[in-house]
Amino acid sequence: KSDTDEVVRRVVASRLPVEQLEAMIADPDREVRLSVAARLPEPLLLRLIDDPDYLIRATVARRLPHGQLAKMARDSEREVRKVVATRLPPFALHMLANDSEPEVRAVVAERALPGLAAALLKDPEWWVRLAAVANAPLEFLPPLTQDPELEVREAAQARLAESEAV
């Protein structure tokens, strides 16, 4: 745990009994902290929520209980917020619906409940609108048949055609 060689500490972090990992939470080596984050008992994960490295925080977001994910919804790094968006329960996705990054909003749109998906149909990014088409209520889709982007128009038309065929 206190070896000066980070390679040794990485091996130790991957093999140490989980109840002893807490001592390695603040290790200066990213790979050591990644091993710790992947194996740390859930109650201790919050200790890494503000780690300076986004990969550590993304690992924490993958493992954190759903009820604690909201704490990471405003993370400074897009990749962390994308992980949060893939794990939040659909009813909580509104927390990320106005994210500054379209990649995050697209993940939200893919998983959104109908009301939120309808709101995301007006997103300035075409690929967020495209992702929202699948979850939005049908009555919100007709305007998208005139969308400037061909893929959005085609997706809206296809979904409307499916509903008429049933």
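Clustering ILVMFWY residues whenever any of their side-chain heavy atoms sit less than 4.5 angstrom apart, transitively, puts Val128 in a cluster other than the one holding Phe140. A chain of hydrophobic side-chain contacts below 4.5 Å, direct or via other Ile, Leu, Val, Met, Phe, Trp or Tyr residues, connects Val80 to Leu93. Both Val60 and Leu96 are assigned to one and the same hydrophobic cluster, defined by single-linkage of ILVMFWY side chains at heavy-atom distances under 4.5 Å. At a threshold of 4.5 Å between side-chain heavy atoms, the hydrophobic network of Ile, Leu, Val, Met, Phe, Trp and Tyr places Val107 and Met72 in two separate groups. Under the 4.5 Å side-chain heavy-atom criterion for Ile, Leu, Val, Met, Phe, Trp and Tyr, Val11 and Val18 are members of distinct hydrophobic clusters.
Here the CZ atom belonging to Arg10 is positioned 8.5 Å from the CG atom belonging to Asp5, to the nearest 0.5 angstrom. Atom CD1 of Ile56 and atom CG of Leu34 lie 3.5 Å apart (nearest 0.5 Å). Atom CZ of Arg30 is separated from atom CG of Asp53 by 4.0 Å, given to the nearest 0.5 angstrom. Leu16 contributes atom CG, which lies 7.0 Å from atom CZ of Arg39 (distance to the nearest 0.5 angstrom). Atoms CG and CG, from Leu40 and Leu45 in turn, are 5.0 Å apart once rounded to the nearest 0.5 Å. Rounded to the nearest 0.5 Å, atoms CD (Gln146) and CD (Gln157) are 8.0 Å apart.
The heavy-atom pair separating Pro28 from Arg33 by the smallest distance is O-NH1, 3.3 Å. Looking at every heavy atom in both residues, Ala58 comes nearest to Val83 through O-CG1, 3.9 Å. The two residues Ala136 and Leu141 make their nearest non-hydrogen contact at CB-CD2, 4.2 Å. The two atoms that bring Ala131 and Ala106 nearest to each other are CB-O, 3.7 Å, heavy atoms only. The minimum heavy-atom distance linking Val84 with Ala61 is given by the pair CG2-CB, 4.0 Å. Across Glu42 and Pro65, no two heavy atoms sit closer than the pair OE1-CG, 3.4 Å.
Counting heavy atoms from C-beta on, the side chains of Arg153 and Leu150 come closer than 4.5 Å. Counting heavy atoms from C-beta on, the side chains of Trp126 and Pro148 never come closer than 4.5 Å. Side-chain contact between Glu149 and Leu130 is absent, with no heavy atoms from C-beta onward closer than 4.5 Å. Trp127 places a side-chain heavy atom less than 4.5 Å from the side chain of Glu103. Glu19 has its side chain out of reach of Pro41: every pair of non-hydrogen atoms, C-beta onward, lies at least 4.5 Å apart.
Taking the charged nitrogens against the carboxylate oxygens, Glu6 and Arg9 have no contact shorter than 4.0 Å, which rules out a salt bridge.
Tested against Asp75, the residues Arg57, Arg81, Lys82 include a single salt bridge (charged side-chain N to carboxylate O under 4.0 Å, His left out) partner, Arg57. Of the residues listed (Ile49, Leu55, Leu48), the one engaging Asp51 in a side-chain contact (heavy atoms from CB on, under 4.5 Å) is Leu48, and it is the only one.
Remark: Glu22 pairs with Arg47 by the salt bridge (charged side-chain N to carboxylate O under 4.0 Å, His left out) rule, at least two apart or across chains. With sequence neighbours left out, the side-chain contact (heavy atoms from CB on, under 4.5 Å) criterion links Ala13 to Met24, Val32, Ser35, Val36.
Here salt bridge (Lys or Arg N to Asp or Glu O under 4.0 Å) pairs that include residues 117-143, with residues two or more places apart or in two chains, are Arg105-Asp123, Arg129-Asp147.
With hydrogens and angles ignored, the 3.5 Å screen pairs a side-chain donor or acceptor of His66 with a backbone N or O of Arg87.
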Worked verdict on Leu121 versus Leu144 for side chain to side chain contact (heavy atoms under 4.5 Å, CB included):
CA-CA 8 Å; Leu121 291 174; Leu144 273 85; 3.8 Å; yes
Check the pair Leu120, Val108 against side chain to side chain contact (heavy atoms under 4.5 Å, CB included), reporting the backbone distance first and the verdict last.
CA-CA 9 Å; Leu120 288 167; Val108 169; 3.8 Å; yes
